[in-house]
J.: 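Below is one structure. I have some questions about it.
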Amino acid sequence: MKKNDFKMTEQNIYSYMSPDNIKVEVFLSPLLFEYLEESSLKQLLDASELPGVIPPVIGMPDIHEGFGLPIGGVLATDGNDGIISAGAVGMDINCGVRLINTDIDYGDIKDELPKLLEKITSSVSPGVGGKTKYLKAKSLDIQNVLEQGVPYLIRQGFGNMEDLDHIEDGGVISEGDSSVLSHEAVKRAKEQLATLGSGNHFIEICLLETDFNQKEANDLGINYGKVCFLIHTGSRGIGHQVCTEYMDRMKKALKKDRQPLPTKGLAYAEIKSPLGREYFSAMAAASNFAFANRQLLTTAIEEAIGCKTNLIYDVPHNIAKFETIDNQKLLVHRKGATRAFPAGHSALAKKFKNTGQPVIIPGTMGTGSYIMLGTENLRRTFYSVNHGAGRQLSRKQAKKSITKKQFKQMMNGIEMSIPGVKNVIDEAPQAYKDVDEVVNTLCDIGLTKKIARLRPIGVIKG
DNA sequence: ATGTTC
């Protein structure tokens, strides 16, 4: 397979039929296709060869090379007799984004912004290996967090019951089982609750601006002109631990059964097998940790700003879930891809039945992010959209080619709480694709529509 | 993404 074997068959859709007759579809504008590396397409093709795949295997507009499945990859398998792959979910299980609104005007916090960022930073432990500093989180029972997710936290006073309608899956995946987790996995969870992490994780303070569709924005509770917070983090060490352990076990089990071995990142188990079910329980527990983590960062922010916030929505973008389409039970692996159920979808909470679920697409810390809604046309992507802008430079390339001066220019006027410019230069806006080009790829073909744009005014990075 | 080399 060569990159040019992918042909544009419809506007912004490039297709390829694999030798096994599994269709691979990548959603890209011609410009994004031009810049795409062939290795990502090869990874989609490798995934198409797994048993029980329900086509098409999909690449999103923010696709880039990952480990096993590319970031921006969607892989659906038969939910009864298919397979599950730890690597196709990824290391940071239930990495996701949450948007919270406030009634605060920019003018009211403008002068205090540096102090405010410092205050939040001190309670959310940014950085690799960050351990819990948010004192209230230390008294929580980790087993309950892993098995009961956000509903448990709400019973402990972190948020209110209404929040549950504003979190995908109500903030808990019921199959979460802490008893299958290794001692190491539980230990890392216990030490890292309510921490931000590193890499592309962040807390941003933004202004909600640009009126695309006032009525739908109102229906979603979006306050134009007001200050909001965007939280991007996941399951931290426990997700990493679970993925590493089960990828290894899946690989060994395949070898023992003399099954053809894909790359390690695509090692899999049958969903029905004890190992497949065990991984799902472990993945669900790590997911519950991640939902809880974002809930706790929310209350930590509320305490720093001294007022309550309003949760708009919380979306995972690294997760595998059982979903039914046309009466067919599927397991949809989304790795760097966001679920986007449109208006009328039966799985939505009542308050989002008429609008569809809000979809949060972070762009870059210098340029901005989008709130979107999906349309029924998303059926062809198993109701999935991109999860961000997507990298255009690897971390290594970014560190080599972007200067401090260029970075500071892009971040002009945006307050930062960071561990030094050189430590976050691989997260510079220039390291990412143009978020407008990426977002427009699905908008232009009627799969999504824009509701609001978020302009960053402050950022916390680990 | 990640106690960034079990």
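All values below were derived from every heavy atom in this structure, side-chain atoms included, with hydrogens, water molecules and symmetry-related copies excluded. Below, read A as the first sequence line, B as the second, and so on, with proteins coming before strands; counting in each chain starts at 1. Values in this document were obtained by computation on a predicted structure and should not be read as measured data.
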J.: Separation of A:Asp426 atom CG from B:dT2 atom P, in whole Å?
T.: 12 Å

J.: If you measure from the Lys or Arg side-chain nitrogens to the Asp or Glu carboxylate oxygens, is any gap between A:Glu427 and A:Arg395 under 4.0 Å?
T.: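 Yes, A:Glu427 and A:Arg395 are salt-bridged.
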
J.: May I have the distance from A:His240 (atom NE2) to B:dC6 (atom P), rounded to whole angstrom?
T.: 9 Å

J.: Less than 3.5 Å apart, any donor N or O on the side chain of A:Glu168 or A:Tyr313 sitting next to an acceptor on the other?
T.: no

J.: Give the rounded distance in Å between these two atoms: NZ of A:Lys461 and P of B:dT2.
T.: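 Distance check: A:Lys461 NZ to B:dT2 P gives 10 Å.
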
J.: Using a cut-off of 4.0 Å on non-hydrogen atoms, how would the nucleic acid contact of A:Glu245 be classed: base, sugar-phosphate, or nothing?
T.: nothing

J.: Round to the nearest Å and state the distance from A:Glu191 atom CD to B:dT2 atom P.
T.: 14 Å

J.: Using whole Å, report how far CE of A:Met247 lies from P of B:dT2.
T.: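 For the pair A:Met247 CE and B:dT2 P, the rounded distance is 15 Å.
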
J.: Rounded to whole angstrom units, what separation is found between the CZ atom of A:Arg395 and the C1' atom of B:dT2?
T.: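 Going from CZ in A:Arg395 over to C1' in B:dT2 covers 11 Å.
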
J.: Decide whether A:Ser18 and A:Glu49 meet the rule of one side-chain donor and one side-chain acceptor closer than 3.5 Å.
T.: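 On atom types as modelled, these side chains do not qualify, holding no pair under 3.5 Å.
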
J.: Going by the angle between their ring planes, with limits at 30° and 60°, are A:Phe33 and A:Tyr14 parallel, tilted or perpendicular?
T.: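 Rings of A:Phe33 and A:Tyr14: parallel, as their planes differ by under 30°.
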
J.: Looking just at side-chain N and O atoms, do A:Glu278 and A:Tyr246 make a donor-acceptor pair shorter than 3.5 Å?
T.: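 Yes, a side-chain donor-acceptor pair sits under 3.5 Å.
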
J.: Within this structure, what is the CD-to-C1' distance between A:Glu427 and B:dT4, rounded to whole angstrom?
T.: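 Between C1' of B:dT4 and CD of A:Glu427: 14 Å.
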
J.: Would you mind checking if A:Glu191 and A:Lys187 are paired as a salt bridge, meaning a charged N to carboxylate O distance below 4.0 Å?
T.: yes

J.: Without decimals, in angstroms, what is the distance between A:His183 NE2 and B:dC6 C1'?
T.: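 Atom NE2 in A:His183 sits about 16 Å away from atom C1' in B:dC6.
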
J.: Can you pull out the residues from residues 228-239 of chain A that lie within a 4.0 Å heavy-atom distance of DNA chain B?
T.: A:Arg236, A:Gly237

J.: Heavy atoms under 4.0 Å, any strand shown: does A:Ser198 hit a base, just sugar-phosphate, or nothing?
T.: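 It contacts sugar-phosphate atoms only.
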
